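Working notes, structure below.
Because the structure is predicted, anything quoted here is derived from the model rather than measured. Residue numbers start at 1 and run along the sequence shown.
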Amino acid sequence: MLIITRRPGEKLMVGDDVVIEVIEVSGSSVRIGIAAPKSIPVYREEIYTAVKEENTAAAAADIAQLPDDLPSTT
């Protein structure tokens, strides 16, 4: 892990096309801006983890336990 000190207004480059800018530092909170191509998803870690866990649970669900009265998608 790279640990680096930056001040508000200073930026980091990740590869050739992702820019991370420190917007504001206030106490123990840091606001950052991320500029990345639309093809690169950017998520907060807690959201990414929650979605990944939900997808894993849905993929492991037993289809026989689903209610019979679900609306048809066909």
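- Under the salt bridge (Lys or Arg N to Asp or Glu O under 4.0 Å) criterion, the residue pairs touching residues 40-49 are Arg44-Glu46, with sequence neighbours excluded.
- A salt bridge (Lys or Arg N to Asp or Glu O under 4.0 Å) check over residues 9-20, counting only residues at least two apart or in different chains, returns the pairs Arg6-Glu10.
- Counting heavy atoms from C-beta outward, Ile20 and Val14 have side chains that approach closer than 4.5 Å.
- Looking at residues two or more places apart in sequence or on another chain, you find no salt bridge (charged side-chain N to carboxylate O under 4.0 Å, His left out) involving Glu21.
- Hydrophobic clustering of Ile, Leu, Val, Met, Phe, Trp and Tyr side chains at less than 4.5 Å, counting indirect connections, unites Ile4 with Ile32.
- Clustering of Ile, Leu, Val, Met, Phe, Trp and Tyr by side-chain heavy atoms under 4.5 Å joins Ile23 with none of the others.
- One hydrophobic cluster holds both Val22 and Val18 under the rule that ILVMFWY side chains link at heavy-atom gaps under 4.5 Å.
- In the hydrophobic cluster analysis, where Ile, Leu, Val, Met, Phe, Trp and Tyr join through side-chain heavy atoms closer than 4.5 angstrom, Tyr48 is grouped apart from Ile34.
- Among pairs with a residue in residues 22-43, none fulfils side chain to side chain donor-acceptor pair (under 3.5 Å), at least two apart in sequence or across chains.
- The shortest side-chain heavy-atom distance between Val19 and Leu12 does not fall under the 4.5 Å cut-off.
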